[in-house]
There are 2 protein chains.
Amino acid sequence: MAAAGKRPTIADVARLAGVSPSAVSFAFNNRPGLSDETRARILSAAERVGWQPSRTARALSRGRAGALGLVLTREPELIGADPFFSTFIAGVESVLTARGHGLMLNVAAPAQEAATYRRLAADRRVDGVLITDLRVGDPRPALVTALRMPAVVVGDREFCGGLCSVDLDDRPAFAEAVDHLARLGHRRIAHVAGPAEFRHAQRRREAWAAALTAAGLPQGPVLTGGFSAEGGARATRELLALTPRPTAVVYANDLSAIAGIAVAQEAGFAVPGDLSVVGYDDTPLAAYTHPRLTTARADIHRWGAVAAQTLHTVIERGTAPHVALDPSTLTLRESTGPAPGR
Amino acid sequence: MAAAGKRPTIADVARLAGVSPSAVSFAFNNRPGLSDETRARILSAAERVGWQPSRTARALSRGRAGALGLVLTREPELIGADPFFSTFIAGVESVLTARGHGLMLNVAAPAQEAATYRRLAADRRVDGVLITDLRVGDPRPALVTALRMPAVVVGDREFCGGLCSVDLDDRPAFAEAVDHLARLGHRRIAHVAGPAEFRHAQRRREAWAAALTAAGLPQGPVLTGGFSAEGGARATRELLALTPRPTAVVYANDLSAIAGIAVAQEAGFAVPGDLSVVGYDDTPLAAYTHPRLTTARADIHRWGAVAAQTLHTVIERGTAPHVALDPSTLTLRESTGPAPGR
DNA sequence: GCCGCTGACTAAAGCGGTTTATCTGACCGC
DNA sequence: GCGGTCAGATAAACCGCTTTAGTCAGCGGC
């Protein structure tokens, strides 16, 4: 039915149901002022012609876009290699879809990040944005505030500049990791950090350092691996050249850890015999390296869902409480073992 | 300036420039019928109040959303592990951003895939969609055609049901791989395939089989690795248990190949001494495994850009020519070597 | 001096909904 | 019999821009 013609509008439905367009609108927005009988008649008429309110029209008259924005500022390579985003986005979608909302994705080169947010705000194409990968001295909280754009920071509560945050603490996992290594007899535990500008990379590093102190161990060497395979490899090479050599390395993420394992093996070191390795993320691949990678797992999907949920609250109520999700936990596998000579 | 108040509208600009709203519209849409002087005055007035046409309003009156849609139907885990999507999306964005368009991302569970497309069409929130991960007997080409929704298939031209396609041929890479292995003396070359329902997985398998025939070799064993680490690992275990054991495996993608290497090593086989391994994708990690992975690289970013470009053409002109991008090429590394005993 | 034309610009009608103010009876109490 | 209330429904304004159909002044031609 409904053949080829134009798409039906609210007027068609109104005509068919023998009411005014406003009545149809009321019916579809669950507003009072309509008898149950009329309401039912309208809904069935709409169904008969296959009508659904146009998002665009609704967006215009309500001033709401019905969509959230997510701007990814990482280098494309890093985004791709990181399982975080897709899982996170899937989580976000799970709550958006339920509401019939959409997700506007933007991949921006760092240089035009601000412009991207401005455009999003100017276009009014989204009702709010999620801010991920919070950086040290990040300009975005101030920017979205200035743009009067509802936003939620996905990450550290302390640095979200007055915005609401949804955080998942990665520190306990790093503390656990160091603790685990210390108990295995390691005394020289290095860290291969993420890009220094990322707040979460910094936090991981701090957690590692604090855990060393707590375990009564000296601070170990820190190198930057940039969250990438290449960076992890380079850092690992440098660490292996040190004297004394560290016997364990805590990497900021799995990608650099996996590369680290490869480099160590290539250089003739046994993992974990000569070098214990810990990652972070629990990439699908982590359980399928040789040896299998000790790493930490978090519920990223839920993180995305809660972030979206919270952003909705901010959009509707203007504000929302900070949320702290269950911290990630360490999964022990075979890339960690007793310190050599013990 | 412009202080807190409401966002300026076209009327504000018109008033400031001393013209009618239509004149402003004309100025911003590069239409004739305005003197250069007036045009300039309008533009400067707009700049002064920081006005930009509202996307939503424009979308409503022009009947164009100014956005493209991308529905990902894979399992979230697979999406995350695959560097394809983020790179592809970055490529898409590169042309969208230039036009001030947006990308509407949808992650759908397989069961509600059709519903997602219908919603996208009903909402008129996108002007067209990109169809990736074409499956065997894929219902989507017919679906979007029925929904009268402009679409471009990212993949195989033969199975795109009358839609325009943008393809990047992966067969040459698989042919190269088999050829390379044959030249190294391998005679039992297995394949760990992607999910059978994916057209590109099937095509890779066919390319592998054809290359074996061309090299005068018998068909080798085929197992499904599902593009995942876990699947790759399981398939590899089975292959290693065969008698006679294959001496080389061509995996459908890097993820399963990397897992395969780990499993082989775990089982005491040397790579490439006992088993040569080839992947596909050239994941960032491929150059940082031990041994480094022989795999194939394609220009995914460009693929995304061209796909978006093409979809725009389809939206505007109703159709566009099929596009064939440069096929991927094999990168030789150390995971492939002479067949054992040779 | 009248006509037709053209270039520059505007008024007003959409686009497809939402929302506010208004209208219409029916019902109620006195 | 009359004012008041209220549920049920509607007309009309509005969201902010695009676009079509004019309007109007100026100008050349005859």
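So that the names make sense, note that chain A is the first sequence line, chain B the second, and so on, each numbered from 1.
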Q | Partner set under ring-ring contact (aromatic ring centres under 6.0 Å, His included) for A/Phe159, not counting sequence neighbours | A | none
Q. What pairs with A/Phe26 under ring-ring contact (aromatic ring centres under 6.0 Å, His included), at least two apart in sequence or on another chain?
A. none
Q: Check side-chain hydrogen bond (donor to acceptor under 3.5 Å, both in side chains) between B/Ser44 and all other residues, then give those that pass, not counting sequence neighbours.
A: none
Q: Could you pull out all residues at least two apart from B/Thr116 that satisfy side-chain hydrogen bond (donor to acceptor under 3.5 Å, both in side chains)?
A: none
**Q.** Overall bend - the helix from C/dG1-D/dC30 to C/dC30-D/dG1, comparing terminal axes fitted on five pairs, nearest 10 degrees
**A.** 60°
Q: Walk along DNA chain C from 5' to 3' and tell me the first and last nucleotide with an atom closer than 4.0 Å to a non-hydrogen atom of chain B.
A: C/dA8 to C/dG16
Q: Please list, chain by chain and in numerical order, all residues satisfying salt bridge (charged side-chain N to carboxylate O under 4.0 Å, His left out) with B/Arg199, sequence neighbours excluded.
A: B/Asp156, B/Glu206
**Q.** Non-neighbouring partners of B/Glu47 that pass salt bridge (charged side-chain N to carboxylate O under 4.0 Å, His left out), sequence neighbours left out
**A.** none
Q: Check side-chain hydrogen bond (donor to acceptor under 3.5 Å, both in side chains) between B/Arg135 and all other residues, then give those that pass, not counting sequence neighbours.
A: B/Glu113
Q. So what does B/Gly33 touch, heavy atoms closer than 4.0 Å: a base, only the sugar-phosphate, or nothing?
A. base
Q: Could you pull out all residues at least two apart from B/Glu158 that satisfy salt bridge (charged side-chain N to carboxylate O under 4.0 Å, His left out)?
A: none
Give me, pair by pair, the N or O atoms of the protein and of nucleotides 16-18 of chain D that are less than 3.5 Å apart, along with how far apart they are.
residue	atom	partner	partner atom	Å
D/dC17	OP1	B/Trp51	NE1	2.8
D/dC17	OP1	B/Ser54	N	3.3
D/dC17	OP2	B/Ile10	N	2.4
D/dC17	O2	B/Ser61	OG	3.4
D/dT18	OP1	B/Asn29	ND2	3.2
D/dT18	OP1	B/Arg58	NE	2.7
D/dT18	OP1	B/Arg58	NH2	3.2
D/dT18	OP2	B/Ser25	OG	2.7
D/dT18	O4'	B/Ser61	OG	2.8

Q.
Once salt bridge (charged side-chain N to carboxylate O under 4.0 Å, His left out) is applied, do any residues pair with B/Arg41, and if so which ones, sequence neighbours excluded?
A. B/Glu37
Q) Is the shortest distance from a Lys or Arg side-chain nitrogen in B/Glu316 or B/Arg99 to a carboxylate oxygen in the other one below 4.0 Å? A) yes
(Q) I need the CD-P distance between A/Glu37 and D/dA7, as an integer number of Å. (A) 18 Å
